[in-house]
Student: 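Before I ask anything, here is the structure I am working with.
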Amino acid sequence: MSSPSSIIKTLAAALALAFALAIAPAAAQNNNFNPTAQSVKEDQLLNALKEGDRLSGRVSIPDPKSANLIQPAGREWRAFHQDKLPLIGGVAILGMLAALVLFYLVRGRIRVEAGMSGVTITRFAGIDRFVHWLTAGCFIVLALSGLNVSFGRMVIMPLFGPEAFASLAGYGKLAHNYLAFPFMLGLALMFLIWVKDNVPAKIDLEWIKQGGGLFSKGSHPPAKRFNAGQKVVFWIVIIGGVAMSVSGWFLLFPYLPAGGVTALQFWTTVHAVLAVLFVAAMLAHAYIGSVGMEGAFDAMGTGEVDLNWAKEHHALWVEDEKAKGRAPTAPPRAMPAE
Amino acid sequence: MARVKFLCDADRCIECNACVTACKNEHDVPWGINRRRVVTINDGKPGERSVSMACMHCTDAPCAAVCPVSCFYTTADAVVLHSKDLCIGCGYCFYACPFGAPQYPKVGNFGSRGKMDKCTYCAGGPEADMTSAEYVKYGSNRLAEGKLPICAEMCSTKSLLAGDGDIIASIYKERVMKRGYGSGAWGWKTAYKETIAS
């Protein structure tokens with residue numbers, strides 16, 4: 001007869017034996033077990049990344065941005081910012097300056113060939129000039145502060161030292177961020193008031209064929225209110241300005257783009273490349289509107305241009321104005337002496 | 001002077017986040033900023049690993065290369081520090097950093113990020129060592145007290161190592177030899193352009 005206790009003892013012994021038998025092979029296996037055989041390796045993960053991708057995982061802190069462990073795209077952004085951008089900017093801006101100096105030396109200042117008549121015609125009303133200078137004024141500050149943040153460390157910092165330069169760059173950044181808004185306003189107004197005169201037309205082909213008369217004296221292809229060159233400047237400003245504004249919005253609101261740091265890298269690249277091209281184009285515009293051509297600055301200065309200048313550069317526009325009865329036909333009355 | 005580095009032995013990290021907490025506490029890091037974080041890769045899958053990551057104090061640091069106001073400097077111990085007086089909060093270092101170390105106190109729009117904050121290797125900033133001015137901006141300066149970064153000192157499994165790069169590399173190599181495996185020194189290739197054979 002076996003007592004209940006002996007049955008329990010037998011069972012326990014049998015269980016122990018079964019357990020020992022069961023784990024013995026597992027224990028033998030453990031000696032060769034390599035826990036990293038399947039473990040993630042940084043190299044594999046990095047090699048598997050697509051361009052602009054990030055190596056990320058899970059974090060317990062409530063900030064999903066911190067889940068990125070390594071983002072190799074930072075290196076490409078650095079290479080762009082340190083090597084490519086100075087090259088693009090240098091070629092575009094310094095190249096444009098060199099071309100303008102060369103143009104000035106060869107062609108000289110473009111004169112009003114018939115000489116100044118002393119009679120003026122209203123070219124731009126107050127609203128035109130206000131919109132132009134609102135946009136242009138903002139553009140100048142935006143361009144200088146933007147160039148400063150990209151190249152100031154190379155060019156300006158050695159002159160003033162890091163402390164003064166950092167406060168200059170700090171104010172520059174503030175100006176850049178806030179003047180973007182009046183710039184966008186100017187851009188929108190400019191589009192509204194001038195788009196009707198900037199639609200490309202057949203007459204522009206003739207202007208382009210003659211090189212705008214820029215390269216030869218006595219050549220004055222007919223033009224309406226805006227010639228083909230001015231239309232090109234208009235569309236560069238509108239399209240370039242919108243592209244700058246869109247890319248700038250994403251940078252102003254850094255938590256807006258869904259792509260996080262990758263999206264911001266993309267938008268800074270777009271913003272910077274367009275900016276240097278935009279600045280180069282505006283240098284040419286500023287040159288021909290001031291030093292490069294006699295009588296041109298008056299259009300945006302006082303708004304009154306000399307009749308002979310207008311006839312040479314915007315013959316069809318002058319005729320239109322005359323037809324509307326807005327163009328003077330005789331010299332204005334002399335100002336009475338006091 | 002030593003060339004100090006961080007090394008996270010991912011085969012030891014248990015994702016306890018003590019390094020993250022210790023860092024926040026030691027430096028009074030503002031809300032929303034984590035100078036150090038633990039990222040778990042392949043979470044819940046075979047071969048899951050956790051890596052504690054912060055500024056790696058890179059050789060040829062990308063942040064320093066792209067900073068428009070040149071606010072970064074490298075100490076004699078090869079710690080990459082920055083001056084919050086010079087920083088204009090432009091975000092360039094954040095774009096260039098491979099490890100996502102630079103962070104900004106303001107989650108504000110209109111480009112207002114505030115002064116950048118990142119791991120200082122517990123070495124403070126350009127202010128005089130162990131002054132309150134330094135503490136307010138950069139947190140405590142344990143290196144000046146002769147101590148190593150608190151994150152590594154606190155690490156319960158000694159997964160996170162800080163100190164002379166050669167010494168921590170030899171400790172890691174010894175571990176790999178002894179246990180027969182190692183998933184590598186995460187970020188070393190990117191930060192120091194070298195790796196530890198494992």
Side-chain angles (χ1 to χ4, degrees), chain A residues 34-43 45-46 54-61 63 65-75 77-78 81-82 148-153 157 162-163 165-174 176-178 180 248 251-256 261 264-265 268, chain B residues 10-11 15 17 20 32 34 37-51 53 62 65-71 83 85-92 94-100 103-104 107-113 179-190 195 198:
Chain A
N34 178 357
T36 57
Q38 281 188 304
S39 84
V40 288
K41 287 263 187 6
E42 187 190 9
D43 274 0
L45 294 172
L46 286 176
R54 296 155 295 201
L55 185 57
S56 47
R58 183 190 56 79
V59 278
S60 49
I61 37 182
D63 177 7
K65 288 197 299 298
S66 66
N68 296 330
L69 190 62
I70 301 177
Q71 57 115 1
R75 271 179 295 193
W77 190 84
R78 173 191 178 168
H81 185 268
Q82 296 305 105
N148 180 53
V149 89
S150 296
F151 309 115
R153 181 175 161 183
M157 198 173 79
E163 281 81 18
F165 176 72
S167 34
L168 172 78
Y171 289 120
K173 193 195 86 146
L174 283 176
H176 200 87
N177 289 346
Y178 290 102
L251 300 174
L252 271 179
F253 297 88
Y255 304 96
L256 200 69
V261 68
L264 289 167
Q265 286 165 341
T268 49
Chain B
D11 300 297
E15 202 208 346
N17 278 296
V20 177
N34 287 283
R37 67 207 190 273
V38 178
V39 180
T40 305
I41 305 282
N42 273 12
D43 186 31
K45 293 179 195 140
E48 167 187 318
R49 285 293 178 276
S50 294
V51 182
M53 186 59 82
V66 299
C67 177
V69 294
S70 208
C71 80
S83 161
D85 297 330
L86 298 182
C87 174
I88 59 169
C90 67
Y92 280 16
F94 166 69
Y95 304 148
C97 176
F99 303 108
Q103 288 161 73
Y104 303 87
V107 195
N109 285 324
F110 295 98
S112 56
R113 293 180 174 89
R179 69 190 175 202
Y181 59 85
S183 62
W186 288 73
W188 270 46
K189 232 183 221 174
T190 308
T195 191
S198 61

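Nothing here was measured: the structure is a model prediction, and the numbers come from that model.
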Student: Walk me through it: do V66(B) and Y95(B) pass the test side-chain contact (heavy atoms from CB on, under 4.5 Å)?
Tutor: CA-CA 9 Å; V66(B) 299; Y95(B) 304 148; over 6 Å; no
Student: Please look at I70(A) and chain B and tell me whether the side chain, the backbone, both or neither of the residue comes under 4.5 angstrom of a heavy atom of that chain.
Tutor: both
Student: What pair of heavy atoms forms the shortest contact from E42(A) to W186(B), and how long is it?
Tutor: OE1-CA, 3.4 Å
Student: Counting heavy-atom pairs under 4.5 Å to chain B, which of Q265(A), H81(A), M157(A) comes out on top?
Tutor: H81(A)
Student: Please classify the contact between S56(A) and chain B as side chain, backbone, both or neither, with a heavy-atom cut-off of under 4.5 Å.
Tutor: backbone
Student: What part of V38(B) gets within 4.5 angstrom of chain A, counting heavy atoms only: side chain, backbone, both, or neither?
Tutor: backbone
Student: Below 4.5 Å, heavy-atom pairs only: which of G152(A), A166(A), G172(A) has the largest tally toward chain B?
Tutor: A166(A)
Student: Take I41(B) and L69(A), measure what side-chain contact (heavy atoms from CB on, under 4.5 Å) needs, and give me the verdict at the end.
Tutor: CA-CA 9 Å; I41(B) 305 282; L69(A) 190 62; 3.9 Å; yes
Student: Taking all non-hydrogen atoms of both residues, which atom of A65(B) and which atom of Q82(A) are closest, and how far apart?
Tutor: O-NE2, 3.0 Å
Student: So which of R37(B), Q103(B), K45(B) has the largest heavy-atom pair count under 4.5 angstrom toward chain A?
Tutor: R37(B)
Student: Pick one of side chain, backbone, both or neither for A169(A), based on which atoms fall under 4.5 Å of a heavy atom in chain B.
Tutor: both
Student: Heavy-atom distance under 4.5 Å between the side chains of L86(B) and S70(B), does that happen here?
Tutor: no
Student: Between F99(B) and N68(A), is any pair of side-chain heavy atoms under 4.5 Å apart?
Tutor: no
Student: Using the salt bridge (Lys or Arg N to Asp or Glu O under 4.0 Å) rule, take R58(A) and E48(B) through it: C-alpha gap first, then chi angles, then the decisive distance, then the call.
Tutor: CA-CA 11 Å; R58(A) 183 190 56 79; E48(B) 167 187 318; 5.5 Å; no
Student: Could you check whether D63(A) pairs with K65(A) (Lys NZ or Arg NE/NH1/NH2 to Asp/Glu carboxylate O, under 4.0 Å)?
Tutor: yes
Student: Considering only heavy atoms, which portion of K189(B) lies under 4.5 Å from any heavy atom of chain A: side chain, backbone, both, or neither?
Tutor: side chain
Student: Please classify the contact between L168(A) and chain B as side chain, backbone, both or neither, with a heavy-atom cut-off of under 4.5 Å.
Tutor: neither
Student: Between E163(A) and chain B, which part of the residue has a heavy atom less than 4.5 Å away: side chain, backbone, both or neither?
Tutor: both
Student: With a 4.5 angstrom heavy-atom cut-off, which part of A185(B) approaches chain A: side chain, backbone, both or neither?
Tutor: backbone
Student: Can R49(B) and D11(B) be said to form a side-chain contact (heavy atoms from CB on, under 4.5 Å), step by step?
Tutor: CA-CA 7 Å; R49(B) 285 293 178 276; D11(B) 300 297; 2.8 Å; yes
Student: Who wins among C67(B), C87(B), A10(B) for the most heavy-atom pairs under 4.5 Å with chain A?
Tutor: C67(B)
Student: Going from OH on Y92(B) to CG on L264(A), what distance comes out if it is rounded to the nearest 0.5 angstrom?
Tutor: 11.5 Å
Student: Looking at C71(B), P68(B), G187(B), C90(B), which has the largest count of heavy-atom pairs under 4.5 Å with chain A?
Tutor: P68(B)
Student: Tell me, for D43(A) versus chain B, whether the close heavy atoms (under 4.5 Å) come from the side chain, the backbone, both or neither.
Tutor: side chain
Student: Looking at V69(B), T40(B), V20(B), which one has more heavy-atom pairs under 4.5 Å with chain A than the rest?
Tutor: T40(B)
